[in-house]
Asks: 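Once you've had a glance at the structure underneath, I'll fire off some questions.
The analysis underlying the following values was restricted to heavy atoms, covering all of them including side chains, and did not include hydrogens, waters or symmetry mates. Whatever order the structure lists ligands and atoms in, that order sets their numbers, starting from 1.
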Amino acid sequence: MSKLCEIGYIKELLRRHGFGFSKALGQNFLCAPHVPVTIAENANIDSETSVIEVGPGIGTLSYELCSRAKQVVAIELDKRLPDILKETMAEYDNFSIVQGDVLKVDINEIVRENFGDGKVVACANLPYYITTPAISALIEAGCFKSITVMVQREVAKRICSKENTADYGAFTVYVNYYTKPKIVLDVPAGCFIPAPKVDSAVVRMDILDEPSVKVRDEKLFFQVVKAAFAQRRKQLVNCINMAFPAVSKDMCGKMLTEMGLSATIRGEALSVEQLGQLSDKIYEVING
Ligand code: SAM
């Protein structure tokens with residue numbers, strides 16, 4: 001176990017480097033040893049696996065990743081941290097840093113340049129202010145076997161929710177289209193320094209070989225999903241008709257009854273698969 005979770009060591013390290021936490025960069029560092037260990041153990045890593053880590057901070061999670069993986073490349077935005085990481089990660093020669101913004105760098109290129117064709121996973125204790133765009137960027141990079149990230153508990157619940165619940169939304173559908181997610185650990189706010197206002201959870205998303213639903217037009221599918229959740233209180237027929245004027249409310253109602261659903265149903269009651277079926281029916285109307 002590394003000393004990177006000892007409060008006394010962290011404070012001394014940061015003081016020596018003149019480092020103050022940046023709230024704007026979502027800097028809540030882990031200080032509970034079981035958390036980085038459990039994340040690394042659940043991140044689908046073996047000695048042949050390379051890892052992209054987002055936001056290494058002072059290296060608390062990086063340390064556990066490096067002891068299990070072939071190679072770890074960490075993308076860190078804060079220019080002050082590489083100096084600290086040089087010290088804390090000195091014992092590992094399979095660790096390197098790309099200084100940059102995970103939302104702006106070309107993740108796929110970083111993977112190709114550093115790891116070639118081998119198995120690669122992504123892992124992170126994500127900064128809260130970019131949780132959903134960072135997950136989208138990692139999924140869209142299209143080069144990971146799995147993505148294991150710590151996020152606000154509320155976001156983890158949204159990702160793993162089922163239809164007909166308040167947590168279920170467009171982001172749930174997006175993640176469940178490309179991955180099979182599951183919550184692997186609940187992490188209370190007290191496991192961080194400084195402690196954030198909310199609790200967290202670790203979600204592992206295994207990337208599917210094929211999307212979970214086969215649709216005729218992926219772009220249209222996501223337009224339908226966006227429309228279905230745009231106004232949650234409205235019936236789905238109204239939401240679809242507003243987004244796709246060529247599909248009248250009656251036509252949409254008929255599509256739903258053909259699918260064995262009520263014509264007055266709301267979007268949030270449809271599973272990912274049913275949203276896929278509906279988008280294929282809309283495709284037929286739009287494309288004649
Ligand atoms: N991994 C460390 C840990 O678990 O203790 C730190 C996690 S802290 C929640 C988030 C980290 O992400 C910080 O090091 C922060 O500087 C970094 N960060 C913030 N915004 C970023 C961005 N856009 N791209 C890359 N890293 C970012």
Asks: What about Tyr63 and Tyr92, are their ring centers closer than 6.0 Å?
Replies: yes
Asks: Can a non-hydrogen atom of Met150 be found less than 4.0 Å from any atom of ligand 1?
Replies: no
Asks: Applying a heavy-atom cut-off of 4.0 Å, say which part of Ile130 lies close to ligand 1: side chain, backbone, both or neither.
Replies: side chain
Asks: Looking at ligand 1, is there an atom of it that comes within less than 4.0 Å of some heavy atom belonging to Ser22?
Replies: no
Asks: Just distance, no hydrogens or angles: give the donor-acceptor pairs under 3.5 Å from side chains in residues 149-157, sequence neighbours left out.
Replies:
from	atom 1	to	atom 2	distance (Å)
Gln152	OE1	Thr131	OG1	2.8
Arg153	NE	Asp186	OD1	3.3
Arg153	NE	Ser200	O	3.4
Glu154	OE2	Arg158	NH1	3.3

Asks: Work out whether the distance between some heavy atom of Tyr129 and some atom of ligand 1 is less than 4.0 Å.
Replies: yes
Asks: Identify the closest protein heavy atom to atom 27 (C) of ligand 1: which residue and atom is it, and at what distance?
Replies: Leu77 CB, 3.8 Å
Asks: Give the single entry among Glu53, Glu76, Glu64 that approaches atom 14 (O) of ligand 1 most closely by any heavy atom.
Replies: Glu76
Asks: Is the ring centre of Phe221 less than 6.0 Å from the ring centre of Tyr283?
Replies: no
Asks: Quick check on Leu103 - does any of its heavy atoms sit under 4.0 Å from an atom of ligand 1?
Replies: no
Asks: Tell me which protein heavy atom sits closest to atom 4 (O) of ligand 1, plus the residue, atom name and distance to 0.1 Å.
Replies: Asn125 ND2, 2.8 Å
Asks: Quick test of your reading of the structure: of Val102, Asn28, Leu4, whose heavy atom lies closest to atom 24 (N) of ligand 1?
Replies: Val102
Asks: Check this for me, if you would: do Glu48 and Lys119 make a salt bridge, where the nitrogen-to-carboxylate-oxygen distance has to be below 4.0 angstrom?
Replies: no
